[in-house]
2 protein chains.
Amino acid sequence: MSTFYGTIFLMNSKKQNSYHHGNLKESLLTTTLHMVESEGLDAITLRELTQRLGTSRSAVYRHFESKEALMKGVIEQGYTQLDKLFTPIFKDKSRSVEERFERMSRAYLEFAMEHPNLYRLLFGERFREEREGICDYRDETQATGLYALIGLLLEAQEVGIVEKADPMIQAATIWASVHGLASLLIDGHLMMSDNLEEIYRYMYISLLKGLR
Amino acid sequence: MSTFYGTIFLMNSKKQNSYHHGNLKESLLTTTLHMVESEGLDAITLRELTQRLGTSRSAVYRHFESKEALMKGVIEQGYTQLDKLFTPIFKDKSRSVEERFERMSRAYLEFAMEHPNLYRLLFGERFREEREGICDYRDETQATGLYALIGLLLEAQEVGIVEKADPMIQAATIWASVHGLASLLIDGHLMMSDNLEEIYRYMYISLLKGLR
DNA sequence: GAAACAATGTGAACAATGTTAACATTTAAT
DNA sequence: ATTAAATGTTAACATTGTTCACATTGTTTC
């Protein structure tokens with residue numbers, strides 16, 4: 001995912017010998033996201049963050065009410081990145097429904113495993129309040145949540161590879177499976193990295209089989 | 001789950017007018033578990049904890065190397081409680097395999113929803129290191145992890161309601177589904193408490209259907 | 001262009017947290 | 001009874017997020 005953060009270093013560097021940073025708010029969001037990804041949620045301290053940007057701690061409070069408000073902004077950025085990653089897969093009408101399904105679940109799991117810290121930020125136990133209003137699965141414009149999955153399910157129902165039933169409930173079923181596997185893996189509950197592919201295949205196949 | 005903590009109040013109260021507490025280590029573990037359950041992980045501070053027990057903060061360090069070591073002890077207690085809850089369901093040979101399956105998954109989900117904070121402590125993102133060595137699914141004596149589920153799956157394969165395949169992988173598939181649903185629910189990703197029963201039923205049925 | 005104002009950044013302080021070290025008290029062992 | 005070990009206390013420390021008074025820069029208004 002090098003494309004995600006390609007512009008970081010330009011944005012982070014403070015304008016030389018200037019009192020004002022220039023675009024501190026943006027830099028704060030981007031750098032925090034970067035730090036979360038590479039070092040985890042616990043590594044985020046305002047001191048470390050502002051030190052990297054060459055500003056003082058209290059400068060943060062000119063742009064965000066609190067650290068949590070900053071994190072809320074970072075979460076928003078994270079979901080945007082997710083959308084950018086997933087929307088093309090969902091909307092790629094050149095591929096069959098089956099293919100899109102397969103690619104979708106794979107991409108989801110891969111994202112979780114390649115960016116465990118970011119995944120925990122977006123879907124984990126912390127920042128539940130900060131997430132409110134950001135990740136609404138009923139928002140049609142968001143591919144992140146359940147909504148895009150529902151569209152795909154409706155197509156799948158037409159093609160006949162998924163039984164006709166409430167797509168919302170089917171989407172929840174699928175999301176639960178994939179999110180559950182991702183969570184168990186990145187949080188160290190399933191220590192089976194050797195046969196991960198096997199597990200994934202079995203889960204994916206039996207998942208579709210169960211929905212047929 | 002009132003039975004869990006029936007003895008707390010006796011154990012927590014300090015021996016009157018005595019320098020030594022009596023059983024501080026036990027009280028620390030029990031009270032912390034209680035606090036986690038009722039107020040969440042963030043509410044656990046050594047100050048609040050020791051104040052409730054009538055001791056000083058630093059007394060904790062006579063029994064635990066650090067706060068994290070204390071939490072590790074609490075996690076151990078939590079898994080013990082889970083085992084006590086689940087083992088009878090697993091081993092109740094008076095019931096059919098189907099019944100035990102159904103009761104098991106229900107009990108798991110109910111536990112997560114009734115004790116979300118405790119569930120997060122045991123299975124969430126935090127305390128991954130502290131969990132190490134405690135929750136090993138390969139330990140035959142633990143009903144908590146995958147092992148008991150594997151036993152049940154072998155029975156189910158005999159009866160014919162589950163196809164013959166690697167039970168470890170099947171167990172991972174089931175656990176992922178149930179854990180995924182539980183996590184999404186308690187962390188506010190599925191705001192559908194009204195039709196929760198419907199979702200659960202659909203997921204459970206399609207899960208079994210997929211494994212057949 | 002100068003003055004007034006808003007936006008943004010700084011430095012010193014604060015309270016809350018986990019942790020440690022030196023000392024006190026009780027219990028157990030010899 | 002004396003000594004040693006176990007257990008608890010007090011005072012301090014470093015780290016964290018946060019706030020407040022002040023400084024600097026950018027923008028608007030006349």
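This is a predicted model, so every value here is computed, not measured. Just so it is clear: chains get the letters A, B, ... in the order the sequence lines come, proteins before strands, and each one is counted from 1.
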Undergrad: If you apply the rule salt bridge (Lys or Arg N to Asp or Glu O under 4.0 Å), what do you find for A:E102 with A:R106, and how did you get there?
TA: CA-CA 6 Å; A:E102 160 72 18; A:R106 266 221 132 75; 2.6 Å; yes

Undergrad: Any base atoms under 4.0 Å from B:L49, or only sugar-phosphate, or nothing? Heavy atoms, all strands.
TA: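 Result for B:L49 = nothing.
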
Undergrad: State which of D:dT18, C:dT19, D:dG8 makes the closest approach to the side chain of B:A59.
TA: D:dG8

Undergrad: Where each residue is assigned the nucleotide of DNA chain C containing its nearest heavy atom, which of B:K67 and B:R62 is assigned the position nearer the 5′ end?
TA: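 Whichever sits nearer the 5' end wins; that is B:K67.
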
Undergrad: Report the distance from atom CG of A:N23 to atom P of D:dT25, rounded to the nearest whole Å.
TA: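 These atoms are roughly 18 Å apart.
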
Undergrad: Counting only side-chain heavy atoms from C-beta out, which of D:dT18, C:dT20, D:dT16 sits nearest to B:Y61?
TA: C:dT20

Undergrad: Using a heavy-atom cut-off of 4.0 Å across all strands, would you classify A:I44 as base, sugar-phosphate, or nothing?
TA: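 A:I44: backbone/sugar contact only, no base atoms under 4.0 Å.
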
Undergrad: Rounded to whole Å, please give me the gap between NZ in A:K25 and P in C:dT8.
TA: 9 Å

Undergrad: Under 3.5 Å, is there any donor-acceptor pair linking the side chain of B:S58 to the base of D:dT10?
TA: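 It does, because a donor-acceptor pair links the side chain of B:S58 to the base of D:dT10 below 3.5 Å.
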
Undergrad: Hey, is the side chain of B:H63 poking within less than 4.0 Å of OP1 or OP2 on D:dA6, counting only N and O atoms?
TA: no

Undergrad: I need the CG-C1' distance between B:L28 and C:dG18, as an integer number of Å.
TA: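 Those two atoms, CG and C1', are 15 Å apart.
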
Undergrad: Expressed in angstrom and rounded to an integer, what is the separation of A:L46 atom CG from C:dT10 atom P?
TA: 14 Å

Undergrad: On the side chain of A:R57, is there an atom forming a donor-acceptor pair with the base of D:dG17 - under 3.5 Å, no angle test?
TA: no

Undergrad: Got a salt bridge between A:R120 and A:D187, using NZ or NE/NH1/NH2 to carboxylate O under 4.0 Å?
TA: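 Between A:D187 and A:R120 there is a salt bridge, with a charged N closer than 4.0 Å to a carboxylate O.
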
Undergrad: Run through B:K91, B:K93, B:R95 and flag the one making a salt bridge (Lys or Arg N to Asp or Glu O under 4.0 Å) with B:E155.
TA: B:K93

Undergrad: Between P on C:dT17 and CG on B:D42, what's the gap in Å once rounded to a whole number?
TA: 12 Å

Undergrad: Hey, are the side chains of B:Q77 and B:E26 touching, using non-hydrogen atoms and a 4.5 Å cut-off?
TA: yes

Undergrad: If I take atom CD in residue B:E48 and atom P in nucleotide C:dA15, what distance separates them, rounded to the nearest angstrom?
TA: 19 Å

Undergrad: A:Y108 and A:Y119: aromatic ring centres closer than 6.0 Å?
TA: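 Between A:Y108 and A:Y119, the centre distance is under 6.0 Å.
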
Undergrad: Could you give the CZ-to-C1' distance, from B:F64 to C:dG18, as a whole number of Å?
TA: 16 Å

Undergrad: Using whole Å, report how far CE of B:M71 lies from P of C:dG18.
TA: 11 Å

Undergrad: Could you check B:E65 against A:S56 and say which one's nearest nucleotide on DNA chain C is further toward the 5' end?
TA: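 In this pair, the answer is A:S56.
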
